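Below you'll find the structure, written out as C-alpha cells, and then a few comments.
The structure displayed is predicted, hence computed values, not measured ones. Lettering follows sequence order; numbering is per chain, from 1.
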Amino acid sequence: MTAMSPVAIDDTVPASGRAPRSGTWRLTWQGVRTVAQLELRQRVRSTRWVVALVVWFVVVGGLTLLLSGALSSETMGSETETGPLMFGAVVYLVLGLGLLVTPTLTSTTVNGDRNAGTLATLQVTLLSPAEIALGKLAAAWLAACVFLLISVPFLVLALFRGNTPPSALLRVVVIVALLLAAVCGIGLGFSALVSRTAGSTVLTFMSVAALVLLTPTLFGLTFPSITQEEQVTVWAPPASWNYDGQPECELTTQTRDVSHTERTWWLLGINPFVVVADGAGTRPTPPPDDTGGGTADPLGSIRDGVRDLRSPDKVLDECWMYGEGTAPAAPDRHTPGPVWPWGLAANLLLGVVGFVVAVRRLTIPSRKLPRGTRVA
Amino acid sequence: MSFAVADEFLAPPPAAPPGIVVRGVSRAFGSVRALDGIDLEARAGRVTALVGPNGSGKTTLLLVLAGLLVPDAGSVRIAGHDPVTEGPAARARTGWMPDAFGTWDSLTARQVLLTFAAAYRIPPVTARLRVDELLATVHLTEFADRPASVLSRGQKQRLGLARALVHQPDVLLLDEPASGLDPRSRVDLRLLLRRLADDGCTVLVSSHVLAELEEMADDAVFISRGRTVVPTPVTTQSTWHVRALSLGALTTWLTSVGATWQPGDGSSPDGPGSVLMEVSGEAGAAALVRDAVAAGVPLTSLGPVTGSLEQAYLTLEEERR
Ligand SMILES: Nc1ncnc2c1ncn2[C@@H]1O[C@H](COP(=O)(O)OP(=O)(O)O)[C@@H](O)[C@H]1O
Ligand SMILES: [Mg+2]
C-alpha cells in the first residue's frame with residue numbers, strides 16, 4: 001500500500017463480521033512470546049537484574065551455610081535429626097525472600113509502561129489485551145523462577161542432611177513457583193488498576209503481607225469466638241481412678257471448651273508458608289510413643305497441626321499420657337486430608353483475578369481512564 | 001468535512017474513497033468536553049491537516065481514531081471499519097504516531113521496530129526486510145543497533161514515524177510529527193508523506209505550526225474547543241508586510257494617503273522597519289509599490305504575511321485553552 005516496499009503482509013485480521021469483543025481474549029503463542037521477550041529484554045539488559053541475582057545467591061547461600069553451622073551435630077546431637085529442620089529452614093528462607101522480591105517484578109509493569117508512553121503504542125497493535133497481560137505475567141514469572149532455580153543447590157544441600165525424601169524437593173519447587181506466579185498475577189492486577197507505580201507496589205506488598213501475616217493473626221483473634229463450652233465425648237480415666245497404676249480408661253460425656261477450628265482453618269490454609277509446609281510431603285511424623293526424642297521437622301509439624309485444626313478429633317483423648325493404647329474411637333478417626341490444594345488454589349485464584357483485571361484494563365478502546373492519566 | 005483552504009488546495013478527483021469519516025464525535029473527560037461534535041472526512045491519497053490551538057482536542061480526536069478511546073457519541077470509520085466494534089480490523093489498517101513517543105530503554109532502534117512488526121504479526125523474514133527499509137527511509141540506519149534511549153528527540157520522533165509505518169497502514173494518524181525535527185528532517189517528512197499519499201494512503205497530520213502544515217497538506221480541518229469550525233473563506237483582501245529603509249518615511253506617507261496600517265517590526269522612525277496592512281491582491285500590491293516609489297518612500301520589500309492556512313486560522317474566533 002505504501003510507497004516503500006513491494007513486501008506483502010498477509011492479512012491476518014479477522015473478518016469484520018465477528019463479535020465485537022472477540023479480540024480481547026485471543027491468545028497466540030507468537031503474541032505472548034513477543035510481549036514476554038520485550039519485557040525480558042528490557043529487564044535482563046539492565047545490570048540491576050544481574051546484581052539482584054548475585055545478591056540473592058549470596059544471601060541464600062550465606063544464610064544456608066550459617067544455618068548448617070548452627071544445626072551441626074555438635075550443637076544438635078544426632079546428625080540425622082537435623083535434616084528436616086535444615087530443609088524446612090532453607091525452604092522458608094527461599095519462599096520468604098521470593099515473596100519479597102516477586103511483587104516488584106510485576107507491580108509496575110502496566111502503569112510504568114503507561115507513564116513511559118510505551119503502553120498505548122503496544123495496545124494499538126494487533127496484540128490482544130490478553131496477550132499483553134499474559135506476556136508480562138510470563139516474563140515476570142520466568143524471572144521469579146530464575147531466583148528459585150538458583151536456590152535449588154541450597155535445597156539439595158539440605159537434602160543431603162538426610163531424612164527428607166528427595167520428592168519433597170520437587171514438590172517444594174513446584175509449589176513455590178506456583179505461589180510466586182500467583183503473586184505475579186496480583187501485582188499485574190494492581191499495576192493495571194492504579195495509575196501510580198508507587199501505589200501499586202505498596203498494594204502488592206500489602207496483599208502479600210496480608211496473606212503471610214494477617215491470616216495467622218486473624219486466626220488467633222477469632223480463636224476465642226469459635227471456642228465454646230460443649231458436651232463432648234471424652235476417653236478418660238474413670239472419675240474413681242486414684243492415680244494408682246494403669247487406669248481403665250472409658251468413654252464419658254463431659255463439658256469441655258471446644259474450639260471449632262474447622263470453621264477458621266482456612267485462614268491458615270491460604271498462608272503460603274502453610275501451603276508449602278503441607279505440600280512438601282516430608283516424612284510422616286512418627287507416632288508419639290516413639291521415644292526418638294521428638295522430631296525436628298518444622299514442615300511436618302505445621303502440616304500435622306493445620307490438618308488437625310481442619311478436622312478436630314471427635315473424641316477427646318485424655319488417656320494418652322498414661323500410655324494405655326489408643327482411644328477406642330480410633331477406627332472411625334478419619335485421617336485428615338491435605339489442605340495445600342485448597343490453599344494453593346486460593347492463591348492462584350487471586351493471581352487469576354489480578355490477570356483478569358489487567359486484561360480488562362488493557363482492553364481498548366477504553367471508556368474510562370485511570371484518574372490523572374492521559375493515553376498519550 | 002474537509003475545507004479547501006485556498007485556490008492552491010484544489011478539490012481532488014471525486015473518485016477517491018474517504019479513508020477517515022468522523023460524524024458528530026464527542027468525548028468528555030469528567031467535566032472537560034475535549035471533543036464536542038467533530039465532523040471530518042479525510043480522503044485517501046491526500047494529506048489532511050488537523051489544525052487547532054493547544055487544548056482544542058487534536059490529540060483526543062486522534063486517540064479516538066486510533067481506537068484507543070471510545071467516543072461518547074458519534075461514529076468513526078477508518079478505511080470502512082469502526083474502531084470500537086471492529087477494533088483489530090481498524091487497527092490493522094491504522095498507523096498512529098503519538099506526540100511523545102516513549103521507547104524501551106534497553107532496546108535498539110532495530111529491536112523496537114522488529115518488536116512492533118511481530119506485534120502486527122508480520123512474519124520474521126518479511127519483518128527484517130521491512131525494518132531495514134524503514135530505517136533507511138527515516139535515516140536511522142547508522143543508529144539501528146544503538147539503544148533507542150540515546151537517540152535525540154528528533155531521531156526518536158523519526159523512529160516513532162517508522163514504527164507507525166511498520167505494518168504498511170492505509171490510514172496514517174500523526175500527532176505533531178514535525179516537533180523536534182530539524183529542517184532537513186521536516187523536508188524528508190513532507191516528501192515521505194507526499195509519497196505515502198500518492199500511493200493511496202490517507203494521511204491526517206495534526207499540528208499548530210502552520211507553516212509546516214502549509215507545505216505538506218492538501219486539505220485542512222480546523223478544530224477549536226472540540227468542534228470543527230469553518231473559517232471564513234480567505235478573501236482577496238490579505239495582510240501584507242511592507243518594509244522600508246526608513247520606518248518613519250513609510251508611516252508618514254501611509255498616513256498622508258489615508259491608508260490603514262498596523263505596526264510591524266522596527267521601532268525607531270529613522271531606522272528600517274515594516275508595517276502590516278490590508279492589500280487587495282497582487283494588483284493592489286503593484287499599485288502600492290508604484291505609489292510609494294513615486295512618493296519617494298525607500299521601499300525594500302513587500303509580501304503577503306502568511307500562508308493561506310495561517311490566514312484562515314487567524315480568522316477563527318477562538319481562544320487558547
Ligand atoms: N485524560 C484526560 N483527562 C482529563 N482531561 C483531558 C484528558 N486528555 C485531554 N484532556 C483535556 O481535553 C482537552 C483537549 O486535549 P488535547 O486533545 O490533548 O488537545 P490538543 O492535542 O489539541 O492540544 C484539554 O483541555 C485537555 O486538558
Ligand atoms: Mg496534542
[X] to [Y] - nearest heavy-atom pair and separation:
X      : Y      : value
A/P365 : B/V70  : O-CG2, 3.2 Å
B/P98  : A/T121 : CG-CG2, 3.9 Å
A/T34  : B/T115 : CG2-O, 3.7 Å
B/R91  : A/Q123 : NE-O, 3.5 Å
B/Y120 : A/V124 : OH-O, 3.6 Å

Q. What is the distance from atom CD of A/Q37 to atom CG of B/L107, rounded to the nearest 0.5 Å?
A. 9.5 Å
Q | Side-chain donor or acceptor of A/S366 paired with backbone N/O of B/L68 under 3.5 Å | A | yes
Q. Does B/S106 use its side chain to pair, donor to acceptor, with the backbone of A/Q42 at less than 3.5 Å?
A. yes
So what's closer than 4.5 Å to chain B heavy atoms on [X]: side chain, backbone, both or neither?
X      : value
A/I132 : neither
A/T28  : side chain
A/E131 : side chain

Q | Heavy-atom neighbours of B/R77 CZ exceed 12 at 6.0 Å | A | yes
**Q.** Heavy-atom pair count under 4.5 Å with chain A, highest-scoring of B/L69, B/L114, B/L172
**A.** B/L69
Q) For B/F116 and A/L122, what are the C-alpha separation, side-chain angles and deciding distance, and is it a side-chain contact (heavy atoms from CB on, under 4.5 Å)? A) CA-CA 8 Å; B/F116 278 101; A/L122 211 54; 4.0 Å; yes
